[in-house]
Amino acid sequence: MNTLLAKVEYKWIILTLKQSRATTTTACKAQVSTLPPEPVIPSKKPFKVDLLGGKRYSWCSCGHSKNQPFCDGSHKSKAQGLSPLRFIPEKDGPVWLCGCKHTNTPPYCDGTHKQDFIASASLHQDID
Ligand code: FES
C-alpha cells in the first residue's frame, strides 16, 4: 500500500493506492480536505498602521511572519496551505489590521480577538 500526500490548490489530497493480490487492478481511494492549516496567533490585539490608498499590501494570514501584520513569506515553509491576503486600500489613512488572524473581515480587525478562544490561547513564539 502506498500513500501519497499532495497539495493541490489549497486542498490536501491523500491518495491511498492498493494493489489487489488477486488481480492486477489498482484501487484508488481519495480523501479531500478543504480545511486549511490553522493560523497561529502572533498578537491578541490589532495592529494600527497607516496605509496608502492605491498601494498593494499583503496581510499575513498564517501568523508566522516576523513583519506583522504583513507577510514576509514565512507561510511557504511554516504554513503551507495558507497564503497572504493581498489588498489595496481605497484611501490613505490609519486602519486596524487583525493581529490574532481569526477575524471574519480580513485583513481588518472585527473584535474577534476579544472572544474567549483567543483570550485563552497561547501566543505564537517563533524559535528559529
Ligand atoms: S486582532 Fe484579530 S479580530 Fe481583532
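Read the numbers this way: they start at 1 and go in the same order the structure lists the ligands and their atoms.
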Test ring-ring contact (aromatic ring centres under 6.0 Å, His included) on His64 and His124; report intermediate values, then the result. CA-CA 8 Å; His64 288 280; His124 176 70; 4.7 Å; yes
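- Residue Lys44 places its NZ atom among more than 12 non-hydrogen atoms of other residues, nucleotides or ligands, all under 6.0 Å distant.
- Counting only protein atoms, the N, O or S atoms lying less than 2.8 Å from atom 2 (Fe) of ligand 1 are Cys98 SG, Cys100 SG, ordered by chain and residue number.
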Yes or no on side-chain hydrogen bond (donor to acceptor under 3.5 Å, both in side chains) for Asp72 and Ser74, after CA distance, side-chain angles and deciding distance? CA-CA 6 Å; Asp72 71 354; Ser74 293; 2.6 Å; yes
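- No option in Ile88, Val49, Leu85, Leu52 other than Leu52 meets the side chain to side chain contact (heavy atoms under 4.5 Å, CB included) test with Tyr57.
- The one candidate from Pro107, Ser43, Cys60, Pro106 that meets the side chain to side chain contact (heavy atoms under 4.5 Å, CB included) condition with Lys101 is Cys60.
- In this structure the side chain of Pro39 reaches within 4.5 angstrom of the side chain of His102, judged on heavy atoms.
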